[in-house]
Amino acid sequence: MLKRIKGKAWKFGDNINTDLICPGPLMRLPIDQIGQAAMAGIDPDFHTKISKGDIIVAGENFGSGSSRELAPLALKKAGIEAIVAKYYARIFYRNCIALGFPIIECEEAIDKIVERDELEINVSMGKIMNITQNEEYRGTEYPKEFQEIFNAGGIIPWIKKRGIDTLRD
Amino acid sequence: MGKTITEKILANASHRSEVCPGDLIWADIDVLFTHETVGPRVFAQSFEELGGKIWDPNKFAIFIDHYNLPSTIAHANVVKFTIEWAKSVGVKHFYNLCGPEHQVLIEEGFIRPGRVIIGTDSHTTTGGALGAFATGIGSTDCAFSLATGKIWLRVPTSLRINWEGTLPQGVMAKDVALRMIGTIGHGGATYKACEFAGPLIDNMSIDGRIVLSNMAVEMGAKNGIINPDEKTNQYLKTMIDAPITSIQSDEDADYEKEYYFNGDDLEPLVALPHSVDNVKTISEVEGIQIDGILIGTCTGGRYEDMEAAAHILRGKKIHPDTYAIVIPASRKIYEKMLLKGLLNIFLKAGCIVTYATCGPCAGHLGGLMANNEVRVSAQNRNFKGRSGSSTSKIYLASPLTCAASALKGELTDPRKYL
Ligand code: SF4
């Protein structure tokens, strides 16, 4: 079972692309410092404002553009533990699954959540509790296959546990 | 019910008789590639954890194109790390300073109809122009695929985008791409397969088709594919001598939606900052002051693009307050420009012609943009901060429009110079 995630909401709009999430010029940062790039295209100090466990809440097409996995990685390293958006650009979505980084699709939540609301997320059920407003929203549930990958902590630990040979049919 | 080309390729790759949109499959990969910015520097450890052995060195290629030539020590270190890693794991296909990967993959014969092409770059969709299923992934997925030769995919629904008519003078494939993106929207094809078809596409050169597939991802598409035809085969025959599979969508294939466009009255178009779908005709924005132009990248740096721009710049000088950066999309294109006298035209017009690289396109090096600087570029993205400062502004346009704008130092309709 995935652990519950609890933290403050940070709100962003539609079409937040990976050049905003992790600007090209900052990609040269060593991987262990890449958290400094988180959302730097919008707010260079973002990484200093958030606390571990916080949650990004965004509109449509989050993570569009470049395939750079450094984008979800920057958010993860900065302390963000989950993302809730209307929908994601496909490579960003894939990257989050590969990294075991919890993301939820939920229209209703985006319209109702206000910046800095306290949220609690149950990823496997796609459930978002808004503690501040005392509301609950239902996002899309993951297919069973993806839940397995999330539970293992990403695609690398998943396949290590399962064994590479199991993929050869 | 018939099947689309995308469904047929994915059925073959997953050893099934057929697949349907929504199916989750494990597909065999025909070509996997990565580059230095998001490659081994990010995934080397994960790859090591999976045994560190490339599943098939004949099917993996690595490119050093984004950080070359390095302008900072940090970039230089990434390049060096990548070279050393490639040696240590026995990479067979290694391309350093040959040009942006998407063009080089085509020239080296990796992209063929029916193949599954997977790369750690969103513009991997480029390969669809030759009838391959080509899509981008991230670094960790790459480590997984490099060790296993496989990838999980969800079979996408397909959109068919039909183009009638012929393109008027002064209008290029880039304008066709911008028209589609402006209509369908930046996220309008997310998760979907885009299939470009119709007489206008049939008559379009391969160089032009490559622009459409390259920019399919700007609508969020998973892949942007064109059914291979005689033209595709002729083109491929110049670089590979192997039988070419002919794979086609069925007449009665099922599309989620069909779009219809006509090229007859298409005008040169421009995407305004900072969004690829913020598209206007050149007449609506003519006269906007610019600091410089860029002709090049994996979108606008092919030989046909260079020829078009040179046609406008021949015997003229760019505006004294304007710079013009010209970046061939591959070393082969560079050589051809030299042989055919295009280099001379650009140099005499006052342009800088650089070696083949990604250059400033993704904001790494070689011509980054200053605060509030304005550039017209043949590249594929104009996101905020994409090529430098977050206050700089990029207008996306065809190589013809870029060249004409360089002459006047402002956004200019290229038809005036034809
Ligand atoms: S030229 Fe630009 S879009 Fe093309 S691969 Fe390089 S950075 Fe990406």
Side-chain angles (χ1 to χ4, degrees), chain A residues 14-20 23-31 34 40-42 44 59-73 86-101 143-146 149 154-160 164-169, chain B residues 15 24 26 37-38 41-43 46-47 49-51 66-67 72 74-75 77-78 119-124 135-144 147-150 152 154 156 185-187 190-191 217-218 220-222 274-277 361-364 368 381 383-388 390:
Chain A
D14 294 339
N15 295 316
I16 303 296
N17 60 61
T18 54
D19 279 276
L20 297 172
L26 294 179
M27 284 172 73
R28 63 168 188 272
L29 285 171
I31 301 298
I34 200 77
I42 295 170
E60 296 179 356
N61 204 17
F62 189 80
S64 68
S66 155
S67 68
R68 65 188 68 155
E69 192 171 297
L70 295 173
L73 209 55
K86 287 196 180 166
Y87 71 89
Y88 300 86
R90 67 160 281 278
I91 303 179
F92 189 90
Y93 185 87
R94 265 202 94 94
N95 284 341
C96 291
I97 290 171
L99 291 171
F101 185 13
K144 211 176 78 253
E145 295 87 339
F146 292 173
I149 297 177
I155 200 164
I156 303 293
W158 174 77
I159 191 66
K160 272 167 71 182
I164 289 186
D165 291 342
T166 59
L167 284 183
R168 305 208 171 97
D169 30 32
Chain B
H15 312 284
L24 272 177
W26 285 102
T37 72
V38 294
R41 71 178 279 231
V42 184
F43 69 59
S46 301
F47 179 57
E49 282 179 37
L50 298 183
H66 284 62
Y67 284 0
T72 69
H75 288 126
N77 284 334
V78 172
T120 61
D121 193 278
S122 59
H123 294 105
T124 301
T135 196
I137 57 166
S139 312
T140 302
D141 271 334
C142 184
F144 179 96
T148 63
K150 291 189 185 278
W152 70 259
R154 191 195 289 277
H186 179 47
T190 301
Y191 305 136
V217 74
E218 307 308 334
K222 184 169 205 151
H274 301 282
S275 164
V276 189
D277 58 4
C361 175
H364 300 309
L368 298 186
R381 280 192 184 136
F383 301 160
K384 200 168 181 215
R386 169 75 179 172
S387 301
S390 59

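Each chain gets a letter, A, B and so on, in the order the sequences are listed, and its residues count up from 1. Note that these values count all heavy atoms, side chains included, but never hydrogens, waters or copies made by symmetry.
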Please look at [X] and chain B and tell me whether the side chain, the backbone, both or neither of the residue comes under 4.5 angstrom of a heavy atom of that chain.
X         : value
Pro143(A) : side chain
Ile97(A)  : side chain
Phe92(A)  : neither
Pro23(A)  : neither

Whether [X] side chain and [Y] backbone form a donor-acceptor pair below 3.5 Å:
X         : Y         : answer
Thr120(B) : Gly138(B) : no
Asp277(B) : Gly185(B) : no
Lys222(B) : Arg154(B) : yes
Ser46(B)  : Thr140(B) : no
Ser139(B) : Phe43(B)  : no
Tyr191(B) : Gly220(B) : no

Using a cut-off of under 4.5 Å on heavy-atom pairs, state which of [options] scores highest against chain B.
options                                  : result
Gly24(A), Ala89(A), Gly65(A), Gly154(A)  : Gly65(A)
Glu145(A), Lys160(A), Met27(A), Arg94(A) : Arg94(A)
Gly41(A), Pro30(A), Ser64(A)             : Ser64(A)
Ile31(A), Ile159(A), Asn95(A), Ile155(A) : Ile155(A)
Ile156(A), Leu70(A), Leu26(A)            : Ile156(A)

- Considering only heavy atoms and a distance below 4.5 Å, find which of Gly51(B), Gly187(B), Gly119(B) pairs most often with chain A. Gly187(B)

- Query: Between Val276(B), Thr190(B), Val217(B), Val38(B), which shows the greatest number of heavy-atom pairs under 4.5 Å with chain A?
  - Reply: Thr190(B)

- Nearest-0.5 Å distance, OG of residue Ser66(A) to CG of residue Asp121(B): 6.5 Å

- Task: Measure Thr72(B) against the heavy atoms of chain A and call it side chain, backbone, both or neither at under 4.5 Å.
- Result: side chain

